[in-house]
Amino acid sequence: MSPILVIARLTARELLRRRLVHALLLLTVLVIGLTGWGFSRIPHLHLGGELLTPALAHLAAAQLLLLVMFMFSFVVGLTAAFLAAPAVAGDLESGIALAVLARPISRAQFLLGRWLGLAVPLLAYVALSASVEFLLVAVAAGYSPPNPVGAEAALGAEGLVLLSLTLLLSTRLSAMTAGVVTVVVFGAMWVAGVAGAFGQAFHNTSIAAVGDVSHLLVPSDGLWRAAIFAIQPRVFASASLSRVGSPFSASSGPSVAYLAFVAAWLLFVVGMGIVSLDRREI
Amino acid sequence: MPGEAPPGAEPVRLAPVAPAISTSSLTKRYGDRLALDGLDLEVPRGLVFGFLGPNGAGKTTAVKLLLGLARPTGGEGRVLGAPLGDRPIRSKVGYLPELFRYQGWLSAREALVLHCQLAGLPQHQVRDEVERGLEVVGLEGRGDDQVATFSKGMQQRLGLAVALLGTPELVILDEPTSALDPVGRHDVREIIRKLRADGVTVFLNSHFLSEVELVCDRVALVDRGKVVAQGGLAELLEGGGPRVRCTGLTVSALDRLGELRTDGDWVWVEGLDSSRTPDLVEALVGVGARVHQVEEGRRSLEERFLQLLERP
Ligand SMILES: Nc1ncnc2c1ncn2[C@@H]1O[C@H](COP(=O)(O)OP(=O)(O)OP(=O)(O)O)[C@@H](O)[C@H]1O
Ligand SMILES: [Mg+2]
């Protein structure tokens, strides 16, 4: 077996053995159950003494779904950061790396193994929970996002972005620091993205540039906006909502160029992680 | 010698003739601290080599350089004929780190399987190798317990098993008995002797000088990153009391002379004056022992160590 796969399996097995997968799935089922109940109440809501019209109920369900997915995107980002922070730094700090890296395994193989062993479970988690949530909303409230697979791909990619960034940081920083730095960067990018959307809505080029730069620096928010576009009803894109720069609507989907950029960004960051670990003294 | 390798040759093929370890002016600097100051070392194959020195002398640093865990800032070295940092050669090197830590959430058996896989052992050998490893270090019966539940000494035993997996040609042990009880230390000595009998080179960092004295063929003493003495143990330790190497000794106490001490095939009587060596030999022969070798005048390594390190 290739050393990459040995480390990847070890990493994935650790998630299972440490009951992380159990805890995450249990909580997710709980949250999905609760939101499912909430969504099923929407068609029974009253507005001014009358039941919501189907069109309004539809819009309300879409808004609520965006809110739920917003929370989910944070869960994905934080999970990625918490998983990746100790994956390299922990072994370096504890001394486990001494025995492992004295074997005929390159630092690149070690890092890629860690990346793979975290990325696969993370993507599986995103695909599974988002699919269940989408299905539930479709059944309970009759709303289906226009591009559910695109939304899952964008959220998964957002997870990979934060995972890769944290792994890079954890080759040099302590697990705690790497995790915290990623979370702060993640939040800052989101705020910058919202600011950029306002800038665009009010045609202020310098504020709009803040969003654009943030989307290039760390594409987590860029991908979250791609996810919004895939989840929101098509009318949102043209509605006045996105004109005022709402954090829960997007005026356009991601360009092919941007997706290519994200792929290149991921390669670059993982490559930097390899170089950084390779140069590091153990 | 490094110079013997023709350019572009596969280092692994040279292995049978190359020394286990050779370094020349190997230097490691951490900031302004010189951890290793031009280490020149030659460890021939098949020997047990003791690498001694006070705390902070640079022993662990040297080991990390040999294993490619850290990069030298000067000089060069070869391990089993391959340059430092060479990856394939590491499948022939076993290593017990000074800081022995293994994935606490794995069972001992799983940790050994992991290292078999990382060492690239063929799948069909893994099971036997793992069971053998557990047995050699006395952890049979605890193989399914989580590493995190092991006592410190048990974790060090596991580390030793990890270092012995496969058929290493060189085993590097960085203070292998630091956490072990006297029985464990004795076991480690036996394991080292067994390795030597199998032709494996052992590079041993240790503070337990009596232990080094008992198992090592050659030693180097380092202080502040430099070798201050290097050579065969016998050369280094002239002067002291007589020791006899004999086999077939069935009676364990020879009251007439005093308390008899043994280690491996060596027998001595604590505090015996060297003028009484013939009495000791006679007594041993008298109880049916076959005497192979008598060594006069060995000082303890500790005395020598302290003498060599005496600072002006
Ligand atoms: N990563 C590091 N960064 C800075 N200095 C270091 C580092 N590792 C070792 N040193 C320094 O190098 C010197 C040699 O350390 P080393 O660990 O090799 O000693 P040692 O001989 O193994 O000691 P001990 O017997 O205590 O294990 C020490 O002065 C130590 O402070
Ligand atoms: Mg040390």
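Letters A, B, ... mirror the listed sequences (proteins, then strands); counts begin at 1.
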Please determine whether the number of non-hydrogen atoms from other residues, nucleotides or ligands lying under 6.0 Å from atom [atom1] of [X] exceeds 12.
X        : atom1 : answer
A/Phe82  : CZ    : no
A/Phe268 : CZ    : no
A/Met176 : CE    : no

Per-residue contacts, residues 6-30 of chain A versus chain B, heavy atoms under 4.5 Å: A/Val6, A/Ile7, A/Arg9, A/Leu10, A/Arg13, A/Glu14, A/Arg17, A/Arg18

Minimum-distance pair of heavy atoms, taken over all atoms of A/Ile96 and B/Gln103: CG2-NE2, 3.3 Å

According to the side-chain hydrogen bond (donor to acceptor under 3.5 Å, both in side chains) rule, which pairs have a member within residues 74-96 of chain A, sequence neighbours left out?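 For residues 74-96 of chain A, and leaving out neighbouring residues, the side-chain hydrogen bond (donor to acceptor under 3.5 Å, both in side chains) pairs sorted by first residue read A/Asp91-A/Arg114.
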
Quick one, B/Arg101 and A/Leu98 - any side-chain contact, counting heavy atoms below 4.5 Å?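 No, their side chains stay 4.5 Å or more apart.
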
Measure the shortest side-chain to side-chain distance between A/Ile282 and B/Lys64 over non-hydrogen atoms and say whether it is less than 4.5 angstrom. no

So which bits of residues 120-138 of chain B come within less than 4.5 Å of chain A, counting non-hydrogen atoms only? none

Which pairs would a plain distance check flag for residues 273-280 of chain A, meaning a side-chain donor or acceptor within less than 3.5 Å of a matching protein atom at least two apart in sequence or in another chain?
from: A/Ser276; atom 1: OG; to: A/Thr171; atom 2: OG1; distance (Å): 2.6
from: A/Ser276; atom 1: OG; to: A/Arg172; atom 2: NE; distance (Å): 3.1
from: A/Arg280; atom 1: NH1; to: A/Thr171; atom 2: O; distance (Å): 3.1

Okay, side chain of A/Arg103, backbone of B/Ala119: is any donor-acceptor separation there less than 3.5 Å?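 Pair absent, no side-chain N/O of A/Arg103 close to backbone of B/Ala119.
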
Residue selection (most heavy-atom pairs with chain A, distance under 4.5 Å) from B/Tyr30, B/Tyr95, B/Trp105, B/Phe100: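 Result: the option with the highest number of such pairs is B/Trp105.
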
B/Ala163, B/Gly104, B/Pro97: which one forms the most heavy-atom pairs within less than 4.5 Å of chain A? B/Pro97

